[in-house]
Student: 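Pasting in a structure now, in structure tokens, and then I'll have a few things to ask.
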Amino acid sequence: CPSLKSLDIRFCGELTDMSIKAIATGCSTPEHLFIAGCTKLTDESIKAIAVGCPSLKNLWANYCSFSALPEDIGDRLPRLEHI
């Protein structure tokens, strides 16, 4: 998915960290990622996104099970405008 710009998978209750890791590894170009309400996602997903999606501008991740954002998320995602 080299030309993927936006991915909306909100409220997908079965989405796991493994799924997000696969997306972040295989699709490094998304600018908009909507994962709100994916309650099985943990901090591992945010770490994978921070490492694998450097083009990200918008991350909608409310109602997920993250404890905290990585301290270096701004450095890893320099184009990020909204979280």
Side-chain angles (χ1 to χ4, degrees):
C1 50
S3 61
L4 181 72
K5 295 296 179 195
S6 182
L7 181 61
D8 188 341
I9 44 181
R10 289 179 281 193
F11 297 99
C12 183
E14 298 303 313
L15 197 70
T16 65
D17 291 333
M18 186 180 291
S19 304
I20 293 297
K21 287 177 183 178
I23 291 167
T25 300
C27 305
S28 63
T29 59
E31 295 178 355
H32 312 282
L33 181 57
F34 302 92
I35 55 172
C38 298
T39 57
K40 290 187 177 182
L41 301 183
T42 70
D43 295 349
E44 293 302 312
S45 289
I46 286 291
K47 289 176 188 173
I49 291 167
V51 170
C53 301
S55 299
L56 202 61
K57 292 182 181 179
N58 294 292
L59 175 62
W60 296 88
N62 45 329
Y63 307 112
C64 294
S65 299
F66 308 131
S67 61
L69 295 174
E71 289 183 20
D72 63 346
I73 196 163
D75 295 332
R76 292 192 177 270
L77 301 174
R79 300 180 68 203
L80 192 63
E81 299 169 0
H82 176 84
I83 191 163

Student: Using every non-hydrogen atom in the two residues, find where Thr25 and Lys21 come nearest and quote the distance to one decimal.
Tutor: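 In this case the closest contact between Thr25 and Lys21 is OG1-O, 2.8 Å.
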
Student: Working to the nearest 0.5 angstrom, can you tell me the gap between Leu4 CG and Ser6 OG?
Tutor: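 Separation between the atoms: 7.0 Å.
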
Student: Show the nearest heavy-atom pair for residues Cys27 and Pro30, with the distance to one decimal.
Tutor: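 That would be O-CD, 2.9 Å.
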
Student: Could you tell me if the side chain of Asn58 sits less than 4.5 Å from the side chain of Leu33, heavy atoms only?
Tutor: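 No; the side chains remain at least 4.5 Å from each other.
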
Student: List the atom of Lys40, the atom of Asp17, and the distance in Å for their closest heavy-atom pair.
Tutor: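 Looking at all heavy atoms of both residues, the shortest contact is O-OD1, 4.2 Å.
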
Student: Taking the side chain as C-beta and beyond, is there a heavy-atom pair between Ile35 and Ile49 under 4.5 Å?
Tutor: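 Sidechains of Ile49 and Ile35: in contact.
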
Student: Trp60 vs His82 aromatic rings, parallel, tilted or perpendicular, using cut-offs 30° and 60°?
Tutor: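 The arrangement is tilted - the two ring planes meet at 30° to 60°.
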
Student: Which distance, rounded to the nearest 0.5 Å, do you find between the NZ of Lys57 and the CD of Glu31?
Tutor: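 Output value for this atom pair is 4.5 Å.
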
Student: More than 12 non-hydrogen atoms from neighbouring residues, nucleotides or ligands closer than 6.0 Å to CD on Glu81, yes or no?
Tutor: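 Result for CD/Glu81: enclosed.
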
Student: Rounded to the nearest 0.5 Å, what's the gap from CG on Leu15 to CG on Leu41? Could you check?
Tutor: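 The CG atom of Leu41 is 5.0 Å from CG of Leu15, to the nearest 0.5 Å.
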
Student: Would Leu77 and Ile83 satisfy side-chain contact (heavy atoms from CB on, under 4.5 Å), going step by step from the backbone distance to the final call?
Tutor: CA-CA 11 Å; Leu77 301 174; Ile83 191 163; over 6 Å; no

Student: Please list all pairs meeting disulfide bond (SG atoms under 2.5 Å apart) that have one or both residues in residues 35-83, counting only residues at least two apart or in different chains.
Tutor: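 For residues 35-83, and leaving out neighbouring residues, there are no disulfide bond (SG atoms under 2.5 Å apart) pairs at all.
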
Student: Are Val51 and Phe66 linked, directly or through intermediate hydrophobic residues, by side-chain heavy-atom contacts shorter than 4.5 Å (ILVMFWY only)?
Tutor: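 Unlinked, Phe66 and Val51 end up in two clusters.
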
Student: Distance-only, no hydrogens or angles: does the Ser65 side chain make a donor-acceptor pair with backbone N or O of Thr39 under 3.5 Å?
Tutor: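 Side chain of Ser65 to backbone of Thr39, a donor-acceptor pair under 3.5 Å: yes, one is there.
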
Student: Locate the shortest heavy-atom distance separating Pro70 from Lys47; write the atom from each residue and the value.
Tutor: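 Distance-wise, the nearest heavy atoms are CG-CG, 4.4 Å.
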
Student: Could you tell me whether Phe11 atom CZ has more than 12 heavy atoms of other residues or ligands within 6.0 Å of it?
Tutor: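 Counting other residues, nucleotides and ligands, CZ of Phe11 exceeds 12 neighbours.
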
Student: Which heavy atom in Phe34 sits nearest to a heavy atom in Asp8, and how many Å separate them?
Tutor: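 Between these two residues, the closest heavy atoms are CB-OD1, 3.7 Å.
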
Student: Could you check whether any side-chain heavy atom of Ile9 comes within less than 4.5 Å of a side-chain heavy atom of Ile20, counting everything from C-beta outward?
Tutor: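 Contact flag for Ile9/Ile20 side chains = yes.
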
